[in-house]
Protein chains: 2
Amino acid sequence: MTHLLLVDDEQDMVDLVTMYLENAGYTVSAALNGDEAEKKLRELGPDLILLDIMMPGRDGFTVCESIRSYSDVPIIFLTARGEEWDKVRAFSLGGDDYIVKPFSPGEMTARIQAVLRRFGSSTEKRETIRYQTLSIDIHSRTVKVDGTVVGLTMKEFDLLVFLAKKRGRIFSREELLETVWGAQYSGGTRTVDTHIKTLRMKLKHEGASIETVWGIGYKFVDGSV
Amino acid sequence: MTHLLLVDDEQDMVDLVTMYLENAGYTVSAALNGDEAEKKLRELGPDLILLDIMMPGRDGFTVCESIRSYSDVPIIFLTARGEEWDKVRAFSLGGDDYIVKPFSPGEMTARIQAVLRRFGSSTEKRETIRYQTLSIDIHSRTVKVDGTVVGLTMKEFDLLVFLAKKRGRIFSREELLETVWGAQYSGGTRTVDTHIKTLRMKLKHEGASIETVWGIGYKFVDGSV
DNA sequence: ACCGGTGTGAAGTAAGTGTGAAAAAACACT
DNA sequence: AGTGTTTTTTCACACTTACTTCACACCGGT
């Protein structure tokens, strides 16, 4: 049974959406603010959170950021049409999707299912690497920049994941060939350059996250150092 | 503290390489032949072995083969340029990497770190040098002044690290060329001056930390002495 | 004031990297 | 097996960067 946590400060909206979702076969818990949401998240361990952005006190962004520091639970933002909000920020904070109110029951369940499917079975813990507006889902091999999917080939993806997992550390072309391509690879080292090039291009502005260390190799920047 | 065992029959080479490695922060033991090497391996349990191939008596290959029958310690082969040797055999016997002489200190430490990292050596530490508003991260080769990153080239970085690690001590240009550039360097000593100049410029107000000792060389100031 | 040591800016030189295109290889689909 | 598509690798060239050298100005100590 899939269990959802709905976070919204308006009781009317909570009642309406709860009805939608229960009709669709989910069990639903509700929280009226961020603190209550995090409490219930720990107690109930829901499979997905629907999080309203506009709330008195801590807004949805703040709550999401807090949750992401200890949990990878999927989060879908709720926002009213015409409301001023930052789509890029939503994804960079670790949001997985968003729904604009008012929405139909069908749209809501479709999006929930899509997100859950993307995460695989609810028991399977997914691994996601995030850096600014870049998110890398290891299991589905999906890379997003600003929330839009970027199509990467196998080698490109493996290379990106390896660098992003060890951000801040420098790897020579030989090391990258050995770990990403495999020890039996026998070609030239310039192949790495070409893949770095296409990665930078496909990642658009996030391509700058992969830096050249002159005379040594490449590294993924580490903002914390 | 990472401990290395250096095996080479030439005393000059042992002295030189030992100096390189101790400057890089390792402790070093030396053995002049295969028997001594295996004895010290059992007694000291080093984290990595640097093994010269061309040695009188048992050569490096034979020693490696013998060691591999009872130990998985990482082994890096040393070989002179142009020397006849079998790269494939080196790896098939269980070697982890090789370095061609003559080599620069930077190349040597880079390869050692790479091998240790591949083995997931727990002794690897995140080393940071700090002095006032200056911070130097050895592994990511990142230098910050007042919290903002300063882009240094390879030689500039190596030179700064060497001076900053031994703050207060004075080094002649010849000493700096030998330890930072490597023994095979053959150019003039004024190159050091130029690198000092750019370092001082790039480090902004922290550039004053590198002082000229007239008629002798340079030193990194030591505030505590 | 002298003389050798040092700071500095501007060159030259060598090496490393970015890039576009083409070749080669892997793959999918008949 | 044959075809077409995508991915991967190679290559050549242009470009950037790091390193070194040099000339000249400046400085420090005697």
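Throughout, a chain's letter reflects where its sequence line sits, starting with A, and its residues are numbered from 1. In what follows, every heavy atom counts, from backbone to side chain, and hydrogens, waters and symmetry copies are set aside.
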Quiz prompt | Short side-chain donor-acceptor distance under 3.5 Å, B:Tyr20 and B:Thr109 | solution = no

Quiz prompt | Partners meeting ring-ring contact (aromatic ring centres under 6.0 Å, His included) with B:Phe103 (sequence neighbours left out) | solution = none

Quiz item: Within less than 4.0 Å of OP1 or OP2 of C:dG16, is there a side-chain N or O belonging to A:Tyr218?
Solution: no

Quiz item: Contact class for B:Phe157 vs. all strands (heavy atom < 4.0 Å): base, sugar-phosphate, or nothing?
Solution: nothing

Self-check item: Nucleic acid contacts of residues 182-199 of chain B, taken as heavy-atom distances under 4.0 Å to DNA chain D
Solution: B:Tyr185, B:Gly187, B:Gly188, B:Thr191, B:Thr194, B:His195

Quiz item: CG of A:Leu152 versus C1' of D:dT8: gap in Å, rounded?
Solution: 14 Å

Quiz item: Between A:Glu178 (side chain) and A:Glu175 (backbone), is there a donor-acceptor pair under 3.5 Å?
Solution: no

Quiz item: Looking for any heavy atom pair under 4.0 Å, which part of the strands does B:Ile216 touch: base, sugar-phosphate only, or nothing?
Solution: sugar-phosphate

Quiz item: When you measure from the side chain of B:Glu22 to the backbone N and O of B:Met19, does any donor-acceptor pair fall under 3.5 Å?
Solution: no

Quiz item: Short question: side chain of B:Arg200, backbone of B:Ser209 - any donor-acceptor pair under 3.5 Å?
Solution: no

Self-check item: Integer-rounded Å distance: C:dT17 C1' and A:Ile210 CD1
Solution: 15 Å

Quiz item: Which whole-number value in Å describes the distance from B:Met154 CE to C:dA14 P?
Solution: 18 Å

Quiz item: Say you draw a straight line from CG of B:Leu199 to CG of B:Leu152; how long is it, rounded to the nearest 0.5 Å?
Solution: 6.0 Å

Quiz prompt | Nucleotide D:dT10, atom P - distance to CH2 of A:Trp181 in whole Å | solution = 11 Å

Self-check item: Value in whole Å for how far the P atom of D:dT7 lies from CZ of A:Arg141
Solution: 12 Å

Quiz item: Rounded to the nearest Å, what distance is computed from the NZ atom of residue A:Lys202 to the P atom of nucleotide C:dG18?
Solution: 18 Å

Exercise. Indicate yes or no for a side-chain donor-acceptor contact from B:Asp9 to the backbone of B:Leu32 under 3.5 Å, with no hydrogens or angles considered.
Key: no

Self-check item: Length of the CD1-C1' vector between A:Ile170 and C:dT17, whole Å
Solution: 16 Å

Quiz prompt | Shortest side-chain distance from B:Trp214, nucleotide among D:dA18, C:dG18, D:dG28 | solution = D:dG28

Quiz item: Of the options A:Phe171, A:Phe157, A:Phe220, which is the one that meets A:Phe162 in a ring-ring contact (aromatic ring centres under 6.0 Å, His included)?
Solution: A:Phe171

Self-check item: N/O (side chain, A:Thr212) to phosphate O (OP1/OP2, C:dG18) under 4.0 Å
Solution: yes

Quiz item: B:Thr133 and B:Glu206: side-chain donor and acceptor closer than 3.5 Å?
Solution: yes

Quiz item: Reckon A:Arg200 has a side-chain N or O less than 4.0 Å from the OP1 or OP2 of C:dG18?
Solution: yes

Quiz item: How bent is the helix from C:dA1-D:dT30 to C:dT30-D:dA1, comparing axes over its five end pairs at each side, to the nearest 10°?
Solution: 40°

Exercise. To the nearest Å, give me how far apart NZ (B:Lys155) and P (C:dA15) are.
Key: 11 Å

